[in-house]
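What follows is a set of notes on a single structure, which appears directly below.
In listed order, ligands and their atoms are each counted from 1.
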Amino acid sequence: MKKTKILGTGSYVPKKVLTNEDLSRIVDTDNEWIYSRTGIKERRMVAEGETGSDLAYHSSLKAMEAAHTAADQLDMIIVATLTPEKRLPATACLLQDKLKAKNACVYDINVACSGFVYGLSIADQYIKTESMNRILVVGTEVMTKILNWKDRSTCVLFGDGSGAAVLGPTDQSERVLLSTHLFSNGSLYHLLEIPAGGTGTEWTPDAFERGDHLVKMKGKEVFREAVESMSSACEIALQKANLTIPDIDVFIPHQANSRIIYAIAKRLHFPEEKIFINVDKYGNTSGASIPIALDEAVRQGKIKSGHKVLIATFGAGFAWGSALIQW
Ligand code: UT7
């Protein structure tokens with residue numbers, strides 16, 4: 001059986017910066033509260049007319065360039081997004097059109113913040129078994145369009161962006177995906193949801209007035225679950241690979257809140273200097289958070305040849321997981 005190699009990564013964020021100061025002019029908040037509770041200083045926001053497939057197009061081009069892969073070589077495109085550009089068709093179709101990746105089969109997955117890691121896992125199955133030769137996995141989100149700008153407890157947390165990776169088969173041991181571990185608990189769906197706007201929910205003026213078409217979250221409960229779940233997903237990945245924390249060179253956690261990240265580090269005794277954090281610049285970009293962080297860590301030289309990289313993710317569903325990469 002082949003191994004799955006990460007041939008190249010890319011990321012892209014919109015140019016427009018929204019600082020905590022800017023938010024304090026929209027809702028009753030301030031930089032001190034946001035920074036001390038979340039570690040976020042600023043986030044990015046799409047320009048008028050800029051869409052999720054536009055962001056995905058730019059991050060994909062960078063990943064394809066790094067992977068020396070042309071658009072017509074792609075066999076599959078998986079787009080992880082909870083903010084699809086249209087109800088129909090999938091954002092992946094719009095991306096395929098922009099890339100002119102005419103030989104690919106394409107589809108979206110919605111696993112909220114954990115979508116990219118789920119996408120990696122799906123792609124891994126096709127590549128290991130040699131059913132596909134080149135797969136593009138993209139996380140792209142326009143979170144600023146689904147936030148309630150009157151709810152200070154959620155609107156300060158999220159931002160827009162996209163990250164991508166091109167995967168292909170190898171017999172070597174460099175830049176290979178060692179394992180992925182996926183978990184879900186649908187019984188807690190109500191702690192983080194957009195209640196209205198699907199086919200199962202009445203689209204009434206009342207629902208609209210309540211902001212049910214926008215993100216609603218029970219922050220404290222989500223925080224607790226995120227720490228617990230990501231910690232256990234890391235432990236399982238390490239245990240199955242017969243590794244311990246000192247074996248890991250770089251830890252890339254989902255970028256939702258630096259307090260969540262430090263709580264996991266404390267629980268697992270993870271040295272803080274091995275953790276990659278960029279939540280200060282982008283906030284929580286949901287399904288784009290892991291691939292943006294992975295790409296930045298690679299391009300900044302924080303991930304080097306021979307490094308073992310541990311990824312942990314968590315989001316609505318709840319769905320969470322981990323991945324191990326031998327760089
Ligand atoms: O991707 C996965 C999804 N999301 C997450 O992982 C996020 C998980 N949750 C969190 O990160 C944190 O729970 C939050 C950052 C959302 C909230 O932090 P917290 O320390 O749990 O604060 P809290 O919700 O307990 O709120 C404390 C106070 C409240 O005031 P009172 O009731 O104590 O008077 C809030 O009304 O802070 C108030 N507050 C704010 N104040 C200023 C809530 N949001 C804001 C705000 N600015 N933006």
Checking the N or O distance criterion of under 3.5 Å, is ligand 1 in contact with G219? yes
If you measure from atom 42 (C) of ligand 1 to every heavy atom of W320, W33, F158, which option wins on shortest distance? W33
Quick one: which ligand 1 atoms are inside 4.0 Å of a heavy atom on [X]?
X    : value
N284 : 1 (O), 2 (C), 3 (C)
V156 : 48 (N)
V222 : 3 (C), 4 (N), 5 (C), 6 (O), 8 (C)
T38  : 15 (C)

Considering only the protein, which heavy-atom contact is closest to [atom], and what is its distance?
atom                    : value
atom 25 (O) of ligand 1 : K220 NZ, 2.8 Å
atom 38 (C) of ligand 1 : R152 NH2, 3.6 Å
atom 11 (O) of ligand 1 : N257 ND2, 2.7 Å
atom 20 (O) of ligand 1 : R37 NH1, 2.8 Å
atom 6 (O) of ligand 1  : I260 CD1, 3.4 Å
atom 4 (N) of ligand 1  : M217 SD, 3.5 Å
atom 3 (C) of ligand 1  : L192 CD2, 3.6 Å

Heavy-atom closest contact (F116 atom, G287 atom, distance): CB-O, 3.6 Å
Under a 4.0 Å heavy-atom limit, does [X] contact ligand 1 with its side chain, its backbone, both, or neither?
X    : result
L157 : side chain
T154 : neither
T29  : both

Do other residues, nucleotides or ligands put more than 12 heavy atoms under 6.0 Å from the [atom1] atom of [X]?
X    : atom1 : value
K240 : NZ    : no
K98  : NZ    : yes
K274 : NZ    : yes

Are any of the protein's heavy atoms under 4.0 angstrom from [atom], yes or no?
atom                    : answer
atom 14 (C) of ligand 1 : no
atom 48 (N) of ligand 1 : yes
atom 9 (N) of ligand 1  : yes
atom 40 (C) of ligand 1 : yes

Ignoring hydrogens and angles, tell me if any N or O in the side chain of [X] forms a donor-acceptor pair with the backbone of [Y] under 3.5 Å.
X    : Y    : answer
D22  : T19  : yes
S289 : Q255 : yes
Q96  : A101 : yes
S121 : Y118 : no

Do the ring planes of W320 and F183 sit parallel (below 30°), tilted (30 to 60°) or perpendicular (above 60°)? parallel
Evaluate the criterion salt bridge (Lys or Arg N to Asp or Glu O under 4.0 Å) for residue pair K281 and E296; output intermediate values, then yes/no. CA-CA 12 Å; K281 294 191 291 179; E296 289 199 341; 3.2 Å; yes
Could you tell me whether ligand 1 has any atom less than 4.0 Å away from a heavy atom of L23? no
Name each donor-acceptor pair under 3.5 Å that joins a side chain in residues 262-271 to protein atoms two or more places apart or in another chain, with its distance.
from	atom 1	to	atom 2	distance (Å)
R267	NH1	E228	OE1	3.1

Qualifying residue, where the test is side chain to side chain contact (heavy atoms under 4.5 Å, CB included) with I311 and the options are T180, V250, I290, L177: I290
